[in-house]
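If you're wondering where the values come from, they're calculated on a predicted model, not measured in any experiment.
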Amino acid sequence: MGAVTPSTERTPKQDRSRATRRRLLEAAVACLAEHGWAGSTVSVVAERAGVSRGAAQHHFPTREDLFTAAVEYVAEERSAALLALPVQGRRDVVAALVDLYTGPLFRAALQLWVAASNEPQLRPRVTELEARVGRETHRIAVGLLHADETRPGVRETVQGLLDMARGLGLANVLTDDTARRQRVVAQWAALLDDVLD
């Protein structure tokens, strides 16, 4: 019988640890989107993820650690998915960017922003996270749109698109805004064709 080496023991444990962390992050985003900041505790997230509160706190010592990491994790996942899209044209790009702001990630981020506006210990973390996610989203949008930001007004137009998408996300929080959103997406795609070509 051969001896078990530390490396063979470590790999499955590391895999389990990564899987636990991923479940916690996904559960945290879902809880924020569904229950808001007040209803999203570490215990609620741990239960939803199917892990103990102790396991949750092993990965994320504080509530703020958990929720900022969760929003960052899902933002990174969405960015990767956006980059992998088989985009056909500008309208598809605009629609995909708007979709970033109409799903559970946006709802979770919105809850985190509201909480950060009232909780001084959370504000700097969320502000830094939002700045980083915003820069990355802008960079991806520029690439997908094949926008030349050396041309006057192009950077502002791309940022305007992202700001508009965020506004559409806000409009969608209380009611289903799909029909109007589709018309706005078509109009923005036409505007981008005029500005970027």
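The main-chain N or O of Ala189 is never found under 3.5 Å from a side-chain atom of Arg90 such that the two would form a donor-acceptor pair. Proximity of a side-chain donor or acceptor of Arg107 to a complementary backbone N or O of Leu32 within less than 3.5 Å is not detected. No donor-acceptor pair under 3.5 Å is formed between the side chain of Arg125 and the backbone N or O of Thr68. Side-chain atoms of Arg63 never come within 3.5 Å of backbone atoms of Val42 as a donor-acceptor pair (strictly under, hydrogens ignored).
Taken to the nearest 0.5 Å, the CZ atom of Arg139 stands 6.5 Å off from the CG atom of Leu83. To the nearest 0.5 Å, atoms CG (Leu82) and OG1 (Thr137) are separated by 8.0 Å. In this structure, the separation between CD1 on Ile140 and CZ on Arg135 is 13.0 Å, given to the nearest 0.5 Å.
Side-chain contact between Gln111 and Phe67 is absent, with no heavy-atom pair separated by less than 4.5 Å. Between Asn172 and Leu168 there is no side-chain heavy-atom pair separated by less than 4.5 Å. Side-chain contact between Leu191 and Leu161 is absent, with no heavy-atom pair separated by less than 4.5 Å. Taking 4.5 Å as the limit, some side-chain heavy atom of Glu34 sits within range of a side-chain heavy atom of Arg48. The shortest side-chain heavy-atom distance between Val51 and Val45 does not fall under the 4.5 Å cut-off. You'll find the side chain of Val154 stays beyond 4.5 Å of the side chain of Asp148, heavy atoms only. Here the side chains of Tyr73 and Arg22 are in contact, with some heavy-atom distance below 4.5 Å. Using a 4.5 Å heavy-atom threshold, the side chains of Thr102 and Asp99 count as touching.
Placement of Val44 and Val29 in two distinct hydrophobic clusters is found when ILVMFWY residues are connected by side-chain heavy-atom separations under 4.5 Å, directly or transitively.
A salt bridge links Arg166 and Asp163; the closest N-O separation between the charged side-chain nitrogens and carboxylate oxygens is under 4.0 Å.
Within a 6.0 Å sphere centred on CD of Glu47, other residues, nucleotides and ligands contribute 12 heavy atoms or fewer.
Geometric assessment of Arg183 against the ring of Trp188 yields a negative cation-pi assignment under the 6.0 Å and 45° thresholds.
For Phe106, the ring-ring contact (aromatic ring centres under 6.0 Å, His included) criterion is met by Tyr101, Trp113, not counting sequence neighbours.
Of the candidates Leu122, Asn118, Val114, Leu122 is the only one forming a side chain to side chain contact (heavy atoms under 4.5 Å, CB included) with Trp37.
Under 3.5 Å, the side chains of His138 and Arg155 contain a donor-acceptor pair of N or O atoms.
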